[in-house]
Amino acid sequence: IGLSDIDDIITWEQGRVAVITGVPGHGKSEMVDFLALKLCLRYGWKIGYFSPENYPFKYHFSKLSSKLIGKSFDAKFMTKNEFDISHKYINENISFVYPEDDMTFENILSKATYLVKRIGIKQFIIDPYNKIEHLREKGESETDYISRFLDKVGMFAKKYQILFWIVAHPRKMNKQKEDNSFEVPTLYDINGSANFYNKADYGLTVYRNFKTGNVELYVQKVK
């Protein structure tokens with residue numbers, strides 16, 4: 001993606017599943033937007049989003065536009081021409097789905113399939129996992145359901161040769177006693193199942209270090 005700190009560790013491929021986690025408010029969505037846009041800009045990997053936490057679309061558009069132009073989404077900083085450039089790029093390369101009437105995973109996948117076949121997306125992002133309406137089979141445990149869910153994601157990614165991103169919240173995090181900060185969560189800390197680690201191809205944690213003022217990216221897994 002043009003950043004050596006990441007490129008030395010990760011080679012991004014289609015047909016893979018990337019799971020990204022982090023303490024709420026630490027910037028998971030911002031990081032996945034940044035990484036996906038880098039792949040889109042450099043390689044033409046068009047993006048499809050199911051991102052209800054960034055709804056309405058105009059809110060998400062403003063964040064994507066700022067990343068593309070490198071300026072705050074404000075007329076004081078971004079010119080009309082820069083806005084038009086970002087608007088055109090987003091319309092041509094990024095699609096959004098928000099099925100208000102049916103939030104099941106099966107319906108979201110059907111819309112992702114449409115985007116693959118009609119638009120040619122090469123990345124699909126679910127942000128976050130917990131906003132999906134999950135339909136467990138009778139007697140199915142949460143662990144078994146998550147395993148089945150991730151198998152479907154993996155098969156979809158391979159079948160259509162896309163990079164499938166999943167943003168997932170960790171379980172409630174305990175603060176460290178020394179400085180009252182949160183511990184850095186891992187994929188094993190995601191609520192529900194260790195399968196988020198076991199079945200991911202890429203595993204990332206986003207962590208905001210309030211001591212330094214920096215956002216840190218921890219690469220937990222590269223298959």
Side-chain angles (χ1 to χ4, degrees), residues 1-7 10-20 22 25-103 107-129 131-132 153 156-157 159-167 202 204 206 215 217:
I1 62 173
L3 295 173
S4 60
D5 286 347
I6 295 176
D7 293 340
I10 301 174
T11 298
W12 301 98
E13 296 179 346
Q14 296 167 7
R16 300 287 189 175
V17 177
V19 176
I20 186 165
H26 278 216
K28 296 184 296 296
S29 297
E30 299 292 339
M31 181 61 72
V32 75
D33 285 353
F34 171 77
L35 294 170
L37 279 175
K38 281 287 189 181
L39 291 167
C40 189
L41 286 163
R42 291 175 71 89
Y43 307 110
W45 290 11
K46 293 184 178 182
I47 308 167
Y49 275 98
F50 169 73
S51 186
E53 288 197 345
N54 281 309
Y55 192 80
F57 297 139
K58 62 182 181 180
Y59 172 65
H60 201 177
F61 177 93
S62 68
K63 298 202 297 182
L64 293 169
S65 180
S66 291
K67 289 181 179 65
L68 286 167
I69 300 301
K71 295 181 179 180
S72 177
F73 192 76
D74 189 310
K76 296 176 183 177
F77 306 102
M78 188 181 295
T79 68
K80 175 65 165 57
N81 183 57
E82 288 170 335
F83 168 82
D84 290 341
I85 289 170
S86 67
H87 186 276
K88 183 174 186 293
Y89 187 86
I90 291 170
N91 281 342
E92 292 176 351
N93 293 279
I94 301 174
S95 303
F96 305 89
V97 300
Y98 189 69
E100 297 181 32
D101 57 330
D102 185 349
M103 302 277 276
N107 189 42
I108 293 165
L109 269 193
S110 72
K111 293 183 180 298
T113 302
Y114 172 86
L115 294 179
V116 170
K117 294 180 176 179
R118 297 299 299 271
I119 311 298
I121 64 167
K122 290 297 181 182
Q123 302 180 80
F124 190 73
I125 298 166
I126 288 180
D127 181 15
Y129 164 83
K131 288 292 185 179
I132 300 172
V153 169
F156 186 91
K159 179 178 180 179
Y160 293 111
Q161 281 300 291
I162 67 167
L163 176 58
F164 204 123
W165 298 87
I166 301 171
V167 179
Y202 307 108
L204 309 171
V206 178
V215 174
L217 181 66

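We use all heavy atoms of the structure for the numbers below, so side chains are in, but hydrogens, waters and symmetry mates are not.
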K.L.:
Look up atom CH2 in Trp12 and atom CD1 in Ile6, then write down how far apart they are to the nearest 0.5 Å.
P.N.:
7.0 Å
K.L.:
Quick check: do Tyr89 and Leu41 have side-chain heavy atoms less than 4.5 Å from each other?
P.N.:
yes
K.L.:
What is the minimum heavy-atom distance between Ile125 and Ala36, and which atoms define it?
P.N.:
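Reported closest heavy-atom pair: CD1-CB, 3.8 Å.
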K.L.:
How far does CD1 of Ile47 sit from CZ of Phe124, to the nearest 0.5 angstrom?
P.N.:
11.5 Å
K.L.:
For the residue pair Phe57 and Tyr55, is the inter-centroid distance of their aromatic rings smaller than 6.0 Å?
P.N.:
yes
K.L.:
Between Lys111 and Tyr98, is there a side-chain heavy-atom distance shorter than 4.5 Å?
P.N.:
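Side chain of Tyr98 against side chain of Lys111, heavy atoms only: no contact under 4.5 Å found.
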K.L.:
Mind checking whether Tyr49 and Ile94 have side chains closer than 4.5 Å, heavy atoms only?
P.N.:
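The answer is yes, as the side chains (C-beta and beyond) meet within the 4.5 Å cut-off.
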K.L.:
Search all heavy atoms of Ile108 against all heavy atoms of Met103 and return the closest pair with its distance.
P.N.:
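Looking at all heavy atoms of both residues, the shortest contact is CD1-O, 3.7 Å.
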K.L.:
Taking the side chain as every heavy atom from C-beta outward, state whether Lys46 and Ser95 have any atom pair closer than 4.5 Å.
P.N.:
no
K.L.:
Test of understanding: with side chain to side chain donor-acceptor pair (under 3.5 Å), list the residues that count as partners of Asp7, not counting sequence neighbours.
P.N.:
none
K.L.:
Kindly compute the distance separating CD (Gln123) from CD1 (Ile121), expressed to the nearest 0.5 Å.
P.N.:
9.0 Å
K.L.:
Taking only Lys NZ, Arg NE, NH1 and NH2, and the carboxylate oxygens of Asp or Glu, determine whether Lys80 and Asp84 approach each other closer than 4.0 Å.
P.N.:
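Judged by the 4.0 Å cut-off on N to carboxylate O distance, Lys80 and Asp84 do form a salt bridge.
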K.L.:
Where is the tightest heavy-atom contact between Glu13 and Leu163, given as atom of each residue plus distance?
P.N.:
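What the structure gives for the nearest pair is O-CD1, 3.8 Å.
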K.L.:
I want to check something: taking the side chain as every heavy atom from C-beta on, are Leu217 and Val206 in contact at a cut-off of under 4.5 Å?
P.N.:
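Touching, per the 4.5 Å side-chain cut-off.
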K.L.:
Stepwise, does the side chain to side chain contact (heavy atoms under 4.5 Å, CB included) test hold for Leu3 with Phe34?
P.N.:
CA-CA 12 Å; Leu3 295 173; Phe34 171 77; 3.5 Å; yes
K.L.:
Supply the atom-to-atom distance Leu64 CG to Asp33 CG, rounded to the nearest 0.5 angstrom.
P.N.:
5.0 Å
K.L.:
Atom CG of Asn54 and atom OG of Ser62: how far apart are they, to the nearest 0.5 Å?
P.N.:
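Spacing of CG (Asn54) from OG (Ser62) equals 8.5 Å.
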K.L.:
His60 and Phe96: which non-hydrogen atoms are nearest, and at how many Å?
P.N.:
ND1-CE2, 3.5 Å
K.L.:
Within the structure provided, determine whether Gln14 and Trp45 are in side-chain contact (heavy-atom separation under 4.5 Å).
P.N.:
yes
K.L.:
Would you give the length of the straight line joining atom OG of Ser65 to atom CZ of Phe83, rounded to the nearest 0.5 angstrom?
P.N.:
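Ser65 OG to Phe83 CZ: 6.5 Å, rounded to 0.5 Å.
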K.L.:
Can you sort out the partners of Asp5 under side chain to side chain donor-acceptor pair (under 3.5 Å), two or more places apart, ordered by chain and number?
P.N.:
none
K.L.:
Is there a donor-acceptor pair closer than 3.5 Å between any side-chain N or O of Asn107 and the backbone N or O of Asp102?
P.N.:
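Pair found, side chain donor or acceptor close to backbone of Asp102.
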K.L.:
Salt bridge check: are Lys67 and Glu30 linked by an N-O gap of less than 4.0 Å?
P.N.:
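Here Lys67 pairs with Glu30 in a salt bridge, since their nearest N and O are under 4.0 Å apart.
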K.L.:
Can you find a pair of side-chain heavy atoms, one from Phe73 and one from Phe61, that are under 4.5 Å apart?
P.N.:
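Result yes, sub-4.5 Å side-chain heavy-atom pair found.
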K.L.:
For residues Gly48 and Leu115, report the shortest heavy-atom separation together with the two atoms involved.
P.N.:
CA-CD1, 4.1 Å
K.L.:
For Val215 versus Met31, what's the shortest heavy-atom pair and its separation?
P.N.:
CG1-CE, 4.4 Å
K.L.:
Using the rule side-chain contact (heavy atoms from CB on, under 4.5 Å), only one of Val32, Val19, Ile126 pairs with Trp165; which is it?
P.N.:
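It is Val32; the other options fail the test.
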K.L.:
Examine distances only and state if a side-chain atom of Lys28 and a backbone atom of Gly22 form a donor-acceptor pair shorter than 3.5 Å.
P.N.:
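Present.
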K.L.:
Has the side chain of Tyr114 got a donor or acceptor atom that lies under 3.5 Å from a matching backbone atom of Ile119?
P.N.:
no
